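Below, each value reflects all heavy atoms present in this structure, side chains not excepted, and no hydrogens, waters or symmetry copies. It should be emphasised that the depicted structure is a prediction, and the values quoted were computed from it without experimental measurement. We name chains A, B, ... by the order of the sequence lines, and we start the count at 1 in each one.
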2 protein chains.
Amino acid sequence: MKKRLTPQREAILKLIGNSDQHWDAEGIAHVLAKMGCSIGQATVYRGLAALEKEGLIRGIQLVDGKKRYERAGKQHHDHFVCTACGSITEFSHPAEAQIFEHLSRETGAVIHGHEFVVFGFCASCREAS
Amino acid sequence: MKKRLTPQREAILKLIGNSDQHWDAEGIAHVLAKMGCSIGQATVYRGLAALEKEGLIRGIQLVDGKKRYERAGKQHHDHFVCTACGSITEFSHPAEAQIFEHLSRETGAVIHGHEFVVFGFCASCREAS
DNA sequence: CATAGTATTGAGAATGATTATCATTCTCAT
DNA sequence: ATGAGAATGATAATCATTCTCAATACTATG
Ligand SMILES: [Mn+2]
Ligand SMILES: [Mn+2]
Ligand SMILES: [Zn+2]
Ligand SMILES: [Zn+2]
């Protein structure tokens with residue numbers, strides 16, 4: 001049999017797919033519980049892993065221990081994390097492609113993915129400091 | 001009082017400072033134990049944190065859950081991790097500076113640091129597959 | 001030199017995120 | 001209906017890391 005899109009996975013997918021947030025497992029469980037359809041935490045983790053494997057959501061690691069998920073389909077981007085307020089800003093720059101190209105040419109490696117996280121103070125937190 | 005460079009911290013520093021590896025706490029404890037001077041695990045973690053705060057070693061996060069440390073003083077670089085053999089390759093590219101410049105100019109953020117990890121198959125693992 | 005006041009240590013408990021177990025329930029194609 | 005393979009939920013278990021706390025080790029003064 002194949003992977004199934006169960007009601008709980010649908011709930012997770014709908015939540016992530018209809019927002020631009022970067023969700024962690026706990027946040028998802030929390031919101032779903034508040035919405036009435038609470039799911040066992042193990043099921044949340046398994047559901048997230050399954051949905052990611054299917055390419056329906058995208059998982060990222062923001063150096064804070066917990067894995068986050070965002071909806072799939074957005075164009076490639078990296079993340080800036082404000083260490084003061086925790087806000088996450090997406091960004092991208094064409095030069096990144098050159099870096100990958102150079103890296104694989106120099107080393108002969110095949111690149112499968114990457115994680116580029118920049119941190120500091122966002123504009124408003126910079127002023128407030 | 002000030003931070004002290006105790007014998008156990010010196011041992012950790014010497015280990016990291018004299019190699020080009022990317023050590024995790026467990027690896028350090030293991031090697032030091034094998035060398036006769038075993039240290040409590042809490043002390044290893046505290047020592048690493050202290051040495052990092054003093055700028056004597058540099059901590060990095062390679063998306064695998066455990067924090068790694070390398071000797072300070074090496075020029076800036078990022079890391080390529082082979083997901084097949086686990087080898088870590090260092091690289092750098094001048095275009096990265098442009099990305100930061102662009103990001104801070106566009107968003108008004110102050111950048112304090114970053115973590116750029118690329119993963120895939122290294123040259124030898126690519127052939128072997 | 002005695003001594004108060006910090007820093008550090010080590011053993012072990014505790015934490016937080018995630019995964020593994022396992023018995024039960026669900027689904028789908030015969 | 002039925003049996004094999006998925007999925008669920010409650011709970012135990014992992015893993016890296018941090019916390020607690022009693023015992024030491026240093027340091028700066030008096
Ligand atoms: Mn994003
Ligand atoms: Mn390095
Ligand atoms: Zn901020
Ligand atoms: Zn390799």
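For D:dG9, the OP1/OP2 oxygens have a side-chain nitrogen or oxygen of A:T43 closer than 4.0 Å. For C:dG10, one of the phosphate oxygens OP1 or OP2 lies less than 4.0 angstrom from a side-chain nitrogen or oxygen of B:Q8. Look at A:T6 and you'll find a side-chain N or O under 4.0 angstrom from OP1 or OP2 of D:dT8. OP1 and OP2 of D:dT17 both lie 4.0 Å or more from every side-chain N or O belonging to B:R46. For the OP1/OP2 pair of D:dT17 and a distance below 4.0 Å, the side-chain nitrogens and oxygens of B:Y45 include at least one atom meeting the criterion.
Protein atom NZ of A:K53 is 12 Å distant from nucleotide atom P of D:dA6, rounded to whole Å. What separates CG of A:L62 from C1' of C:dA17 is a distance of 15 Å, to the nearest Å. B:E52 places its CD atom 14 Å from the C1' atom of D:dT17, with the value rounded to the nearest Å. Counting to the nearest Å, the P atom of C:dT15 and the NZ atom of A:K66 are 16 Å from each other. Residue B:H30 contributes atom NE2, which lies 16 Å from atom C1' of D:dA16 at whole-angstrom precision. In this structure, B:Q41 places its CD atom 13 Å from P of D:dC15, rounding to the nearest Å. A straight line from CD of B:E10 to P of D:dC26 spans 12 Å, rounded to a whole angstrom. Summarising the geometry, the separation between CG on B:D64 and P on D:dT17 is reported as 9 Å, rounded to the nearest angstrom.
For the pair B:I12 and B:T43, the tightest heavy-atom approach, listed with the atom from each and the gap, is CD1-O, 4.5 Å. The shortest heavy-atom contact between A:E54 and A:K3 is OE2-CD, 3.5 Å. What you find for B:F119 and A:E115 is that their closest heavy atoms are CE2-N, 4.3 Å.
In summary, A:K67 and A:E52 engage in a salt bridge, as defined by a charged side-chain N under 4.0 Å from a carboxylate O. The existence of a salt bridge linking B:E101 and B:R105 is confirmed by a sub-4.0 Å separation between a basic side-chain nitrogen and an acidic carboxylate oxygen.
For A:R9, the side-chain atoms get nearest to D:dT8 when compared with the rest of D:dA6, C:dA7, D:dT8.
Comparing A:A42 and B:A42, the nucleotide of DNA chain D nearest to each residue sits closer to the 5' end for A:A42.
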